[in-house]
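To keep things clear, I will list the structure first and then write my remarks on it.
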Amino acid sequence: MASYPFAEIENKWQKYWAEHNVYAVKEDISKPKYYVLDMFPYPSGAGLHIGHPEGYTATDIIARYKTLRGFNVLHPMGFDAFGLPTERYSMVTGIHPSIATETNIDNFKRQLNLLGLGYDWNRSVNTTEPSYYKWTQWMFLKIYNSWYDENLQKSRPISDLPIPDEITNATEIEAYKDACRLAYTANIPVNWCEELGTVLANEEVDEWKEKGYTVERRPMRQWMIRITKYADRLLNDLELVEWPVSTKEMQKHWIGKSEGAEISFTIDDTHSVHVFTTRPDTVFGATYLVLAPEHPLVDVITIDAQKKAVEEYRISASMKSDLERTELSKEKTGVNTGAFAINPATEQPIQIWIADYVLAHYGTGAIMAVPGHDERDHAFATQFSLPIIQVVKPLDDGSIDVQAQAYTEYAISMASDNPNTVSFSGLPTEKAKKKCIEWLEQSGIGHGRIQFRLRDWLFSRQRYWGEPIPIVYYEDGTKRTLEYDELPLTLPEVKEYKPAGTGESPLATVDAWIKWHDPKTGKVGRLETNTMPQWAGSCWYYLRYMDPHNPDTFCDTNKEQYWSGKNENSGAIDLYVGGAEHAVLHLLYARFWHKVLFDHGLVSTKEPFAKLFHQGLILGEDGRKMSKSLGNVVNPDDIVKQYGADSLRLFEMFMGPLEAAKPWSSKGVEGVNRFLNRAWRLIADEDGKLLSSVKKGHHDSPEIEFVLHSTIKKVGEDIESLSFNTSISQMMILVNEFTACEIRSHESMSAFIRILSPFAPHICEELWQILGNEHSITKADWPEYNPDKLQQSTVEIVLQVNSKIRSRAIVPSDADEDALKDIALNDEVIKKHLEGLTIRKSIIVPGKLVNFIAN
RNA sequence: GCAGGAGUGGCGAAAUGGCAGACGCGCUGGACUCAAAAUCCAGUGGACCUUAAAUCCGUGUGGGUUCGAGUCCCACCUCCUGCACCA
């Protein structure tokens with residue numbers, strides 16, 4: 001028996017959908033909205049891999065299901081097309097990145113259409129289109145022209161910034177504003193490779209180091225975004241969204257809120273070191289200080305005899321990447337500066353060291369070392385024979401040896417008394433902390449402080465293929481942002497896509513860019529040569545889908561409100577599906593961006609993504625990650641050719657839970673293909689005509705009706721919970737049952753095809769037509785199940801003696817406890833097992849079991 | 001090390017505290033066929049047993065709660081994912 005003609009059918013319906021614009025989306029306030037979104041793909045030259053259809057099919061099923069249920073569904077697709085791989089391709093081939101991007105996008109679209117995904121391509125976006133990045137630039141300027149009002153806890157226009165009275169001259173006012181802007185420039189260490197004459201992205205560093213190049217950390221002027229101002233809101237608003245616990249945890253950890261104190265340690269009359277600690281209660285145990293090698297005080301305080309050693313250490317530290325710094329420092333390294341500071345609690349002098357286990361960018365870049373109660377400090381103190389003293393003892397007064405091992409528990413302070421300063425021996429850690437902070441604040445030595453692990457966002461890239469930053473610098477030292485009517489600032493043509501060799505982007509080699517004739521001022525200026533990172537365009541694309549062609553605004557307010565659902569304390573997008581690899585950065589940046597827009601009244605919700613789901617990885621047939629070198633890569637095009645898109649879609653959904661990592665199975669695809677063939681044969685004959693055994697008005701047996709209605713119920717519920725694998729199992733049961741029927745009712749087949757259609761849209765369109773329907777199945781209604789049909793007259797229960805199953809009985813489903821007990825007591829097998837025993841207790845669960853406890 | 005998640009047949013997996021293994025793959029047998037493929041039907045956790053019935057064992061390990069635990073609690077082991085000197 002031949003397979004159903006999937007190739008012909010899929011081709012036919014894909015054409016039909018395109019020609020009839022079946023998936024066109026319009027705002028329709030008469031209907032409830034549902035916004036389901038896939039994470040923005042990067043259109044790589046390699047095309048779709050087998051993992052793409054997984055998430056895309058899942059959202060497509062949801063979108064089709066919600067549509068049948070009467071929702072107005074937005075399920076768009078577009079391309080995050082700026083980025084390094086394309087730029088590298090252009091460096092090698094000389095082909096303009098926009099050409100390469102276009103080719104790749106066309107190929108992606110072709111492949112996506114082959115899968116039967118119901119996108120309205122008219123709503124597609126592409127971050128590299130000037131009409132799109134115009135708004136990315138506009139939003140960047142919104143951020144640039146904002147400051148964070150700590151009192152109101154929100155961003156406000158820079159024009160509202162109160163300027164302190166003492167600042168009067170124009171240059172100083174400008175400098176003050178610049179210091180408050182949410183986007184600012186700073187000298188930040190980047191990965192600089194002298195031989196390549198370029199800055200490398202973190203992910204490139206290892207690759208080039210392997211090839212023998214040296215990469216060092218060198219400070220360079222970079223654009224930064226003050227995402228740290230939003231740390232608290234990014235943390236707290238996680239409560240508003242329904243996300244996987246693991247992802248929320250990862251974001252919380254990334255933001256990393258710690259409460260503690262900043263304490264000043266005096267060196268001499270003019271210098272002091274500020275440290276951040278989460279354990280101010282252990283200040284009496286601080287026996288030395290450690291500065292990060294990059295700490296600015298190092299130059300000032302190092303004594304002459306140590307200068308050489310300190311300088312050598314600093315150079316070697318700068319040559320290490322962050323990774324090496326942590327890897328190599330299983331054994332702690334460091335150098336004594338020879339300087340001393342006074343411990344403000346004990347009033348005793350303590351040594352000041354530098355060590356690369358102290359990070360320059362966290363806290364104050366300096367720590368008070370408490371080796372008795374911190375493992376890292378303990379390791380360092382042991383290494384360099386520094387004093388270790390105990391200032392915390394266990395709650396139970398048990399004995400511990402801090403010389404051997406740091407004691408890090410929260411317990412009871414001890415040996416923490418100085419009549420001249422402060423005393424808190426005997427206090428539990430929390431109280432000791434509080435008392436210490438009170439003392440620090442009263443005496444002006446320090447204060448309580450909340451520290452975040454989150455760092456400001458490094459926003460500039462020294463690359464060509466990214467959004468230009470629309471700011472111009474004049475020779476007289478002034479600068480201005482481009483105005484609305486000057487956007488977009490489009491990328492100029494360049495001869496070479498290679499970096500300039502100075503650490504600047506290729507734009508620095510373009511005369512028209514660095515000697516830009518400003519039509520507004522008549523001056524000549526240098527346009528910013530840095531471009532934005534790839535994250536920028538993906539921070540707001542979901543908003544553009546709501547109104548993709550609007551030339552006057554990034555998204556019309558009414559449309560934004562309709563598609564966002566107007567619930568301030570929720571997310572705009574009902575369901576967001578994508579890989580867990582974006583659990584931190586993309587999602588954090590997009591949330592931040594959204595919150596800035598929210599503060600400016602440009603969007604109506606606090607969060608972008610109400611519900612988030614990560615699809616699991618599809619592994620090779622051998623259970624390992626798919627990779628070219630392992631030769632276990634499965635190409636979706638091949639599967640579509642061999643079994644059809646419907647089989648591919650169905651199999652990816654059937655493999656297992658959507659969130660789980662699952663190995664591919666070529667036999668498994670055959671299995672679902674077989675299922676589709678069986679479904680086909682329930683309705684159509686070899687010539688694709690309606691079978692005469694499918695009869696209108698035929699009454700299926702109650703058993704068959706039970707299967708049909710429980711399937712309708714289960715499939716609906718399972719789609720809502722994204723349990724596609726079990727809904728497919730249930731439909732397989734249905735097909736198996738109907739296969740055994742000689743006559744099948746037309747109505748049942750019609751219901752079945754509609755619930756299968758979100759999963760396998762092509763074959764269902766065809767069968768829908770064979771069943772005599774004129775319009776596309778996408779315009780049909782989801783069938784309702786009839787609860788009456790789910791009532792069965794009898795049910796099988798188990799009969800137990802002492803909790804062991806001894807027998808079974810078919811009983812009326814409405815039998816009450818007494819009746820069930822009677823039935824059980826009269827069961828021959830149960831009688832035998834109860835012989836000679838006394839029933840102590842009977843447990844009767846109607847519809848399930850009867851259990852006699854007897855001895 | 002820290003955080004999150006997962007361990008169930010030969011394999012992918014399913015099970016509101018109530019019949020473990022639905023559904024699919026694979027395998028075995030049968031029907032159809034000259035034959036094969038495809039299709040259809042039946043069987044398929046393990047032990048004991050010629051077979052069947054019956055019985056017993058069985059959800060990573062060890063405890064516990066419960067009439068009853070894959071499911072809840074405690075401890076541990078293994079694997080995956082992320083973070084990792086963040087003071």
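Only heavy atoms go into these numbers, but all of them, side chains included; no hydrogens, no water, no symmetry mates. Given the structure is predicted, the values throughout are model-derived calculations rather than measurements. Naming: A, B, ... by sequence-line order, numbering from 1 per chain.
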- Message: Looking at A/Lys831 and A/Glu828, is there a salt bridge between them, counting it only when a charged N and a carboxylate O are closer than 4.0 Å?
- Response: yes

- Taking CZ from A/Phe651 and P from B/rC23, how many angstroms apart are they, rounded to a whole number? 18 Å

- Using a 90° cut-off around 0 for syn, call B/rG9 syn or anti. syn

- Item | Nucleic acid contacts of residues 806-813 of chain A, taken as heavy-atom distances under 4.0 Å to RNA chain B | A/Arg806, A/Arg808

- Query: Of all the nucleotides listed (B/rC83, B/rG68, B/rC41), which has the minimum atom distance to the side chain of A/Ser803?
  - Reply: B/rG68

- Length of the CD-C1' vector between A/Gln405 and B/rG1, whole Å: 13 Å

- Task: Give the intermediate values and the outcome of salt bridge (Lys or Arg N to Asp or Glu O under 4.0 Å) for residues A/Glu249 and A/Lys252.
- Result: CA-CA 5 Å; A/Glu249 284 304 312; A/Lys252 280 181 194 166; 3.7 Å; yes

- Closest listed nucleotide, where the reference is the side chain of A/Arg674 and the choices are B/rC83, B/rC19, B/rU39: B/rU39

- Item | Rounded distance in Å - CZ (A/Arg681) to P (B/rA38) | 12 Å

- So what does A/Asp374 hit on the nucleic acid, given a heavy-atom distance under 4.0 Å: a base, only sugar-phosphate, or nothing? nothing

- For A/Tyr589, all residues meeting ring-ring contact (aromatic ring centres under 6.0 Å, His included), sequence neighbours excluded: A/Trp457, A/Trp535

- Note on the structure: In this structure, CD1 of A/Ile830 is separated from CD1 of A/Ile823 (nearest 0.5 Å) by 12.5 Å

- Query: Can you check the A/Lys804 NZ to B/rG68 C1' distance for me, whole Å?
  - Reply: 12 Å

- Query: Would the number of heavy atoms belonging to other residues, nucleotides or ligands and lying under 6.0 Å from CD of A/Glu720 be above 12?
  - Reply: yes

- Message: Within a 6.0 Å radius of atom NZ on A/Lys248, are there more than 12 heavy atoms belonging to other residues, nucleotides or ligands?
- Response: yes

- Distance between the P atoms of B/rC56 and B/rA20, in whole angstroms? 12 Å

- Whole-angstrom distance between B/rG58 and B/rG21, as gauged at atom C1': 11 Å

- Ring geometry between A/Phe380 and A/Phe384 (parallel below 30°, tilted from 30 to 60°, perpendicular above 60°): tilted

- dist A/Ser666:OG -> A/Ile639:CD1 (nearest 0.5 Å) comes out at 7.5 Å

- So which nucleotide from B/rA87, B/rC19, B/rC23 ends up closest to the side chain of A/Tyr362? B/rA87

- Task: Would you tell me if any nitrogen or oxygen in the side chain of A/Arg453 comes within less than 4.0 Å of OP1 or OP2 on B/rC83?
- Result: no

- Task: Could you work out the separation of B/rG63 and B/rC80 based on their P atoms and round it to a whole Å?
- Result: 28 Å

- Query: According to the side-chain hydrogen bond (donor to acceptor under 3.5 Å, both in side chains) rule, which pairs have a member within residues 841-855 of chain A, sequence neighbours left out?
  - Reply: A/Gln800-A/Asn851, A/Ser803-A/Asn851, A/Arg840-A/Asn855

- Are A/Arg591 and A/Trp243 in a cation-pi setup, meaning NZ or CZ lies under 6.0 angstrom from the ring centre and within 45 degrees of the ring axis? yes

- Note on the structure: Rounded to whole Å, CZ of A/Phe265 lies from P of B/rA87 at a distance of 16 Å

- Task: Assign each of A/Asn802 and A/Ser665 to its nearest nucleotide of RNA chain B by heavy atoms, then name whichever residue's nucleotide is nearer the 5' end.
- Result: A/Ser665

- Between atom CG in A/Asn736 and atom P in B/rC41, what is the gap in whole Å? 8 Å

- Item | Residue mapping more 5' on RNA chain B - nearest nucleotide basis, A/His833 or A/Ser258 | A/His833

- Task: Starting at atom CG of A/Asn673, determine the distance to atom C1' of B/rA38, rounded to an integer number of angstrom.
- Result: 12 Å

- Message: Give me each pair satisfying salt bridge (Lys or Arg N to Asp or Glu O under 4.0 Å) with a member in residues 649-666 of chain A, each pair once, sequence neighbours excluded.
- Response: A/Glu54-A/Lys662, A/Asp60-A/Arg649

- Note on the structure: Rounded to whole Å, the NZ-C1' distance (A/Lys667 to B/rC25) equals 9 Å

- Task: Anything under 30° is parallel, anything over 60° is perpendicular, the rest tilted; go ahead and classify A/Phe724 against A/Phe759.
- Result: perpendicular

- Query: With a non-hydrogen cut-off below 4.0 angstrom, is A/Gln800 in contact with a base, only sugar-phosphate, or nothing?
  - Reply: base

- Query: P atom, B/rU71 versus B/rU65: distance in rounded Å?
  - Reply: 15 Å

- Does the ring center of A/Trp664 lie less than 6.0 Å from the ring center of A/Phe651? yes

- Query: Reading nucleotides 2-17 of chain B 5' to 3', which nucleotides get B (base under 4.0 Å from a protein heavy atom), which S (sugar-phosphate only), which -?
  - Reply: -SS-------BSS-B-

- Message: Heavy atoms only, 4.0 Å cut-off, all strands: where does A/Ile853 land among base, sugar-phosphate and nothing?
- Response: sugar-phosphate

- Note on the structure: Those stems involving RNA chain B that have three or more consecutive Watson-Crick or G-U pairs, both distances under 3.5 Å, are B:1-7 with B:77-83, B:10-12 with B:23-25, B:26-31 with B:39-44, B:45-47 with B:55-57, B:60-64 with B:72-76

- Query: Roughly how far apart, to the nearest Å, are B/rA6 and B/rA15 at atom P?
  - Reply: 13 Å

- Between B/rU61 and B/rU55, how far apart are the P atoms? Round to whole Å, please. 25 Å

- Query: Charged N to carboxylate O under 4.0 angstrom, A/Lys689 versus A/Asp687?
  - Reply: no

- Can you tell me how far P in B/rU33 sits from the matching atom in B/rU28, rounded to whole Å? 23 Å

- Nearest-Å distance once atom C1' is located in both B/rC72 and B/rU59: 16 Å

